[in-house]
Amino acid sequence: MKPISLVPPASIHATIQLPSSKSICNRALIINALSQNHAQLRNLSDCDDTRVLISALQDMPDTIDIGAAGTAMRFLTAYLSVNEGTHLLTGTPRMQQRPIGILANALREAGAHIEYAGKEGYPPLRITGSRLTHNEITLPGNVSSQYISALLMIGPALPDGLKLTLTGTVISRPYIDLTLELMQAFGSHAQWSDEHQLYVEPHPYQAPASYYIESDWSAASYWYEICALMPEAEIELPGLFRKSLQGDARVARLFSALGVETRYENDKVLLTKSGIKTSRMEYDFINQPDLAQTFVVTCALLDVPFRFSGLQSLKIKETDRMAALIKEMKKLGYVLNETDGSILSWNGERCMPDARPAIDTYEDHRMAMAFAPACIIVDNLFINNPQVVSKSYPHYWDDLRRAGFNIEAEP
């Protein structure tokens, strides 16, 4: 797809129907499959990651290619380990560079039959479903929460349940709590035993008749960014709730420091400008790493110096998001600094921006969506390979057009 140029409207007054939560969709699909698909899942996302998971669970081909869907790779690694049949689980070249060894090796220790079909510790995997005989697993707490969630969700299928111990610092805990909440909604007995140990009883899932999936707070973050950058904005987002299961609902509180007020009204939120802006922002994104790109771009464009920590997981996402942010922000005239592979900061240092900045997206949906609102401040902005948004928010560009943005493909 050709690069696109973006020109913002003078003001925004819009109602935006966000996609449903990808995090909830993908967990609900795995849990529902483990409970024999008894629940009707309502408001499923139409994003790439969810579509490939639905296809895999319905068709169960010998070779399952999940493309760039990291969540599907991790969840299916555990799911296939406890279901009959042999499958080759693979993905894009980038997916084959993303480590899976910690999860695969933990499952092997529990009795799973998993072979590395390529490089040791990385996809593709050849998995033969079996009865797992060992129910005690120990993992570092600072690994991807998706490894932990993948193990938790198969816990009820294990003969003796699952006792999962997490050592050291536990990161992304809201995503673990989200998994537990969903498991409990489907009749599982799963909970924290203490701050480092979880226990899942060997109690089969008992699915509800139907389950409604709320809108995606991660997707909402880009509309918060737009509201913060626009001189005048009022944006209504249906399907978001004050008491959300999603850790990224923290975006509402964080953006209050950047001039965005959130008003909760029944089953929606209303974003307006408050006129209040902090002089500096510091935050540990250990529990909300997917929000980091949004806040890096927003703070710099608002001339708010920042120091964001807890970003170590960004290096193993769709791309090395730390390196990508440093390179692309430089095109806009901002010099970021990385420290210890986990901290990004900006102290106000500027450089000469590109006259016609074209943002590379690195096969990463969040690079495209976080940088697109920069057109409100930066003239002549282009986004390369804009189709990457289909991974989580397929109608993002259409929604921007509905809000008044002029978006055109480069000739």
Who pairs with [X] by ring-ring contact (aromatic ring centres under 6.0 Å, His included), at least two apart in sequence or on another chain?
X	result
Phe75	none
Trp346	Tyr334
Phe186	Tyr211

Do the ring planes of Phe308 and Phe306 sit parallel (below 30°), tilted (30 to 60°) or perpendicular (above 60°)?
parallel

Expected list for residues 195-202: side-chain donor-acceptor pairs under 3.5 angstrom, two or more places apart:
unit_1: His196; atom_1: ND1; unit_2: Leu166; atom_2: O; d: 2.9
unit_1: His196; atom_1: ND1; unit_2: Gly168; atom_2: O; d: 3.4
unit_1: Gln197; atom_1: NE2; unit_2: Thr165; atom_2: OG1; d: 3.1
unit_1: Glu201; atom_1: OE1; unit_2: His189; atom_2: ND1; d: 3.1

Will you find, in the side chains of [X] and [Y], an N or O donor that is under 3.5 Å from an N or O acceptor?
X	Y	value
Ser21	Glu214	no
Tyr362	Arg321	no
Glu410	Ser5	no

Below 6.0 angstrom between ring centroids: does that apply to Tyr393 and Tyr222?
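Here the rings of Tyr222 and Tyr393 have centres that are no less than 6.0 Å from each other.
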
May I ask you to check whether Tyr264 and Phe241 place their ring centers less than 6.0 Å from one another?
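Not under 6.0 Å, so no.
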
Other residues, nucleotides, ligands: >12 heavy atoms within 6.0 Å of Lys163 NZ
no

Summary of salt bridge (Lys or Arg N to Asp or Glu O under 4.0 Å) pairs that have at least one residue in residues 225-247, sequence neighbours excluded
Glu236-Lys268

Of all residues at least two apart in sequence or in a different chain, which pass the side chain to side chain contact (heavy atoms under 4.5 Å, CB included) check with [X]?
X	result
Thr179	Arg27, Ser149, Leu152, Met153, Met183
Asp354	Lys331, Pro357
Ala257	Thr278

Hey, does the side chain of [X] reach the backbone of [Y] with a donor-acceptor pair shorter than 3.5 angstrom?
X	Y	answer
Ser215	Gln17	no
Asn287	Arg173	yes
Asn43	Ile213	yes

Kindly write out the residues that satisfy side chain to side chain donor-acceptor pair (under 3.5 Å) with Thr294, not counting sequence neighbours, or none if the list is empty.
Ser221

Which residues satisfy the side chain to side chain donor-acceptor pair (under 3.5 Å) test with Arg51, sequence neighbours excluded?
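So Arg51 forms a side chain to side chain donor-acceptor pair (under 3.5 Å) with Asp48.
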
Would you say that Pro204 contacts Pro156 through its side chain, given a criterion of any heavy-atom pair below 4.5 Å between the two side chains?
no

I'd like to check Cys351 versus Lys330 (side-chain heavy atoms, cut-off strictly below 4.5 Å). Are they in contact?
yes

Side-chain polar contacts of residues 101-115 - donor-acceptor pairs under 3.5 angstrom, sequence neighbours left out - could you list them?
unit_1: Asn105; atom_1: OD1; unit_2: Arg108; atom_2: NH1; d: 3.3
unit_1: Asn105; atom_1: OD1; unit_2: Tyr116; atom_2: OH; d: 2.9
unit_1: Asn105; atom_1: ND2; unit_2: Gly101; atom_2: O; d: 3.1
unit_1: Arg108; atom_1: NE; unit_2: Ile114; atom_2: O; d: 3.3

Taking the basic N atoms (NZ, or NE/NH1/NH2) and the acidic carboxylate oxygens, is any pair closer than 4.0 Å for Asp216 and Lys22?
no

Side-chain ion pair, Glu261 and Arg263, N-O less than 4.0 Å
no

Going through the checks in order, is the side chain to side chain donor-acceptor pair (under 3.5 Å) test met by Thr262 and Tyr224?
CA-CA 9 Å; Thr262 302; Tyr224 273 87; 2.8 Å; yes

Quiz: residues 373-389 side-chain donor-acceptor pairs under 3.5 angstrom, not counting sequence neighbours:
unit_1: Asn384; atom_1: ND2; unit_2: Asp360; atom_2: OD1; d: 2.8

